[in-house]
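The block underneath contains the structure these notes are about, expressed in structure tokens.
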Amino acid sequence: MIRAIVTDIEGTTSDIRFVHNILFPYARQHLASFLRENAHQPEVAAALHSVREEADQPQADLDAVTEILLGFMDQDRKSTGLKALQGMIWRDGYVNGSFTGHLYPDVLPALTRWKAQGIELYVYSSGSVAAQKLLFGYSDEGDITDLFSGYFDTHVGAKREVAAYRAIAAEIGQPAEQLLFLSDIHQELDAAAEAGWQTLQLLRGDADGESRHRQVTDFSQINPESI
Ligand SMILES: CSCCC(=O)C(=O)COP(=O)(O)O
Ligand SMILES: [Mg+2]
């Protein structure tokens, strides 16, 4: 019996193109000015410190660290420091109405149904928890953050690491076999399955089709009671 569902964002609840064509370019465009204006803020300084450590360049000045971050963006590196900064930059875009968080139309009805069935809902994304709350707080369907009992990002571990799913299960406080992870990426699902979780792969058009996981094309096809 499934007690909790943990969902990925990019390619699962939301279109990859929204993340890659809207969110990522917005963060790239505003990165340098955001850092010039906010580098002294404690949470920005902490993220910059983490990026300098990750790049093994503890002395990098602001221009150098900006270049490092642009390089991380080019690689789509799931750097915790970069993800924290992107989330801070996106806040303005959501608040000033430049964009809303994309949701596939099948997502909200399914989340609402599962929640009504007594299933707890969580998010696990490489995007920072703050960025996740923004996407669902300023979504195409309005603020849907009330649906979620919690959020996890790379502070709990990388999404292809088994240990991350063990840590999430411990935080949720349910046995792994009663947890369902939804993702488009088979390596993430492999790690969750190795941790004992149930898994389902979303095939949203251009998703990776090669996997040993059960596959669906949208959330309407998911019945947690039959898993
Ligand atoms: C919180 S939305 C932005 C998602 C993001 O930054 C990203 O790298 C995609 O990560 P995911 O783990 O959702 O595939
Ligand atoms: Mg994904």
Side-chain angles (χ1 to χ4, degrees), residues 5-31 47 50-51 54 69-95 98-104 107 121-141 143-145 147-148 150-161 164-165 168 180-192 197 199-211 213 215-219:
I5 295 177
V6 180
T7 183
D8 166 54
I9 296 179
E10 179 189 299
T12 300
T13 62
S14 308
D15 197 326
I16 290 173
R17 287 167 294 189
F18 167 66
V19 177
H20 286 254
N21 299 348
I22 308 274
L23 289 182
F24 286 172
Y26 186 91
R28 172 178 281 275
Q29 187 189 339
H30 292 88
L31 176 69
S50 157
V51 169
E54 187 177 343
L69 283 160
L70 291 171
F72 283 5
M73 288 177 177
D74 291 340
Q75 302 162 28
D76 191 14
R77 187 158 162 155
K78 305 304 185 186
S79 152
T80 302
L82 168 63
K83 293 289 151 191
L85 292 165
Q86 283 177 320
M88 295 175 212
I89 297 168
W90 291 331
R91 171 172 298 282
D92 268 353
Y94 284 110
V95 170
S98 294
F99 44 77
T100 52
H102 178 262
L103 285 185
Y104 284 109
V107 169
L121 305 175
Y122 295 87
V123 181
Y124 180 31
S125 169
S126 307
S128 68
V129 166
Q132 297 170 26
K133 289 179 177 172
L134 285 167
L135 190 148
F136 293 115
Y138 293 86
S139 86
D140 295 347
E141 315 271 358
D143 182 354
I144 66 161
T145 52
L147 286 169
F148 297 108
Y151 302 81
F152 299 96
D153 62 18
T154 53
H155 284 95
V156 81
K159 291 178 77 188
R160 298 182 186 197
E161 286 175 4
Y165 299 88
I168 292 172
L180 172 63
F181 183 50
L182 308 177
S183 176
D184 57 325
I185 303 293
H186 76 82
Q187 293 93 336
E188 298 173 1
L189 296 163
D190 290 345
W197 292 42
T199 56
L200 270 179
Q201 184 174 27
L202 272 295
L203 299 179
R204 299 280 196 184
D206 50 1
D208 161 16
E210 203 188 301
S211 91
H213 305 277
Q215 298 177 328
V216 292
T217 56
D218 67 51
F219 278 26

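Both ligands and their constituent atoms are indexed starting at 1 by order of listing.
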message: Taking only non-hydrogen atoms of Phe24, do any sit less than 4.0 angstrom from ligand 1?
response: yes
- prompt: Can Lys78 and Asp153 be counted as an ion pair, charged N to O under 4.0 angstrom?
  reply: no
- request: Mark yes or no for whether Glu188, through its side chain, and Arg160, through its backbone, hold a donor-acceptor pair below 3.5 Å.
  value: no
message: Lys78 versus ligand 1: do any nitrogen or oxygen atoms come within less than 3.5 Å of each other?
response: yes
message: If we ignore hydrogens and angles and just use 3.5 Å, is the side chain of Tyr151 paired with the main-chain N or O of Gln132 as donor and acceptor?
response: no
- line: Closest to atom 12 (O) of ligand 1 (heavy atoms only, candidates His20, Lys159, Lys83, Glu188) is Lys159
- prompt: In ligand 1, which numbered atoms sit nearer than 4.0 Å to a non-hydrogen atom of Leu135?
  reply: 2 (S)
- prompt: If the Mg ion (ligand 2) is the vertex, what is the angle to O of Glu10 and OD1 of Asp184, rounded to 10 degrees?
  reply: 90°
task: Classify the ring geometry between Tyr124 and Phe181 as parallel (under 30°), tilted (30 to 60°) or perpendicular (over 60°).
output: tilted
message: I'd like the atom name of the N/O/S atom in Asp8 lying closest to the Mg ion (ligand 2).
response: OD2
Contacts under 3.5 angstrom, residues 80-91 side chains, donor-acceptor by atom type, not counting sequence neighbours:
from	atom 1	to	atom 2	distance (Å)
Thr80	OG1	Thr154	OG1	2.8
Lys83	NZ	Gln86	OE1	3.0
Trp90	NE1	Leu23	O	2.7

- line: Heavy-atom proximity to atom 4 (C) of ligand 1 ranks first, among Ser79, Ser125, Gly11, Ala131, for Ser125
- request: Can you pull out the closest protein heavy atom to atom 9 (C) of ligand 1? Residue, atom name and distance to 0.1 Å, please.
  value: Glu10 OE1, 3.0 Å
- request: Number the atoms of ligand 1 from 1 as they appear, then name those within less than 4.0 Å of a heavy atom of Asp8, with their elements.
  value: 11 (P), 12 (O), 13 (O), 14 (O)
- request: May I have the step-by-step check of ring-ring contact (aromatic ring centres under 6.0 Å, His included) for His102 and Tyr104, ending in yes or no?
  value: CA-CA 7 Å; His102 178 262; Tyr104 284 109; 5.0 Å; yes
- request: Answer with side chain, backbone, both or neither: which part of Trp90 has a heavy atom less than 4.0 angstrom from an atom of ligand 1?
  value: side chain
- request: Show your working on ring-ring contact (aromatic ring centres under 6.0 Å, His included) between Tyr122 and Phe148 and close with a plain yes or no.
  value: CA-CA 5 Å; Tyr122 295 87; Phe148 297 108; 8.7 Å; no
